[in-house]
Amino acid sequence: MSATDPVGIDELLERVRTGYTRVSPQEAYEASLEGALLVDIRYQALRERDGLIPGALVVERNELEWRLDPQGSHRAAEATDHGLQVVVICNEGYASSLAAVSLHALGLHRATDLTGGFQAWKAAGLPVTPAA
């Protein structure tokens, strides 16, 4: 198998996840208390349906790299430097893995994602507020 052979999404996820350590809901919560930035990339309908994680920065997936690049002209105020610990959160922990790898490519070497996504966070009984 060569590097140019096509792979399925399951194999791609397996490959990219070897490049960093994913975190559990409890680990993500504790990291947020220590200054990590939680970034919710779920689309609006899911946020409205299921609620929000208090203090998480909401960034649509298609804007993620522009908003978190510390050198970018469209960066969020929270994107202070490449050493920032970022925990990306999607609905179930799949899209967030690809997003975390993309942030690594931008030099955010402490980026990771939440295993199980928002649904695992909620199931763990961690704080959730209704969407406004």
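The model shown is predicted, which means the values in this text are computed figures rather than measured ones.
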Next item on the list: Check whether any side-chain N or O of Trp66 sits under 3.5 Å from a backbone N or O of Ser73 as a donor-acceptor pair, and report yes or no.
Entry: no

Next item on the list: Name all residues meeting the side chain to side chain contact (heavy atoms under 4.5 Å, CB included) criterion together with Val101; count only those two or more places apart in sequence or in a different chain, and write none if there are none.
Entry: Val16, Tyr20

Next item on the list: Answer yes if Val39 and Leu108 sit in the same cluster of Ile, Leu, Val, Met, Phe, Trp and Tyr residues linked by side chain heavy atoms under 4.5 Å apart, and no otherwise.
Entry: yes

Check: Are Leu126 and Leu38 joined in one hydrophobic group, where the rule is that I, L, V, M, F, W and Y side chains link up if heavy atoms are under 4.5 Å apart?
Finding: yes

Notebook entry, point to check: Should Leu114 and Trp121 count as side-chain neighbours, where that means a heavy-atom distance under 4.5 Å?
Noted result: yes

Item checked: From Glu60 atom CD to Asp40 atom CG, the distance as rounded to the nearest 0.5 Å -> 9.0 Å

Item checked: Minimum-distance pair of heavy atoms, taken over all atoms of Arg75 and Asp69 -> CB-O, 3.2 Å

Checklist line | Partners passing side chain to side chain contact (heavy atoms under 4.5 Å, CB included) against Glu27 (at least two apart in sequence or in another chain) | finding: Val23, Ser24

Next item on the list: Under the salt bridge (charged side-chain N to carboxylate O under 4.0 Å, His left out) rule, collect the residues that match up with Arg17, sequence neighbours excluded.
Entry: none

Check: In the single-linkage hydrophobic clustering (I, L, V, M, F, W, Y; side-chain heavy atoms under 4.5 Å), do Leu52 and Leu57 co-cluster?
Finding: no

Next item on the list: List in chain and number order the residues that pass side chain to side chain donor-acceptor pair (under 3.5 Å) with Arg61, two or more places apart in sequence or in another chain; answer none if no residue qualifies.
Entry: Glu65

Note to self: I'd like to check the side chain to side chain contact (heavy atoms under 4.5 Å, CB included) partners of Ile9; sequence neighbours left out, ordered by chain and number.
What the structure shows: Leu12, Leu13, Leu98

Next item on the list: Sequence neighbours left out, what pairs pass salt bridge (charged side-chain N to carboxylate O under 4.0 Å, His left out) with at least one residue falling in residues 114-132?
Entry: none

Tell me which donor-acceptor pairs under 3.5 Å the side chains of residues 78-94 have, and how far apart each pair is, sequence neighbours excluded?
residue: Asp81; atom: OD1; partner: Gly83; partner atom: N; Å: 2.6
residue: Asp81; atom: OD1; partner: Leu84; partner atom: N; Å: 3.2
residue: His82; atom: NE2; partner: Leu106; partner atom: O; Å: 3.2
residue: Gln85; atom: OE1; partner: Arg110; partner atom: NH2; Å: 3.3
residue: Asn91; atom: OD1; partner: Gln119; partner atom: NE2; Å: 2.9

Next item on the list: Under the salt bridge (charged side-chain N to carboxylate O under 4.0 Å, His left out) rule, collect the residues that match up with Glu48, sequence neighbours excluded.
Entry: none

Checklist line | Nearest atoms (heavy-atom pairs only) where Ala100 meets Ala111 | finding: O-CB, 4.1 Å

Next item on the list: Please identify each residue that fulfils side chain to side chain donor-acceptor pair (under 3.5 Å) with Glu14, with sequence neighbours left out.
Entry: none

Next item on the list: Mind jotting down which residue pairs meet the salt bridge (charged side-chain N to carboxylate O under 4.0 Å, His left out) criterion with at least one end in residues 123-132? Sequence neighbours excluded, please.
Entry: none

Check: Partners of Thr115 by side chain to side chain contact (heavy atoms under 4.5 Å, CB included), sequence neighbours excluded?
Finding: Arg22

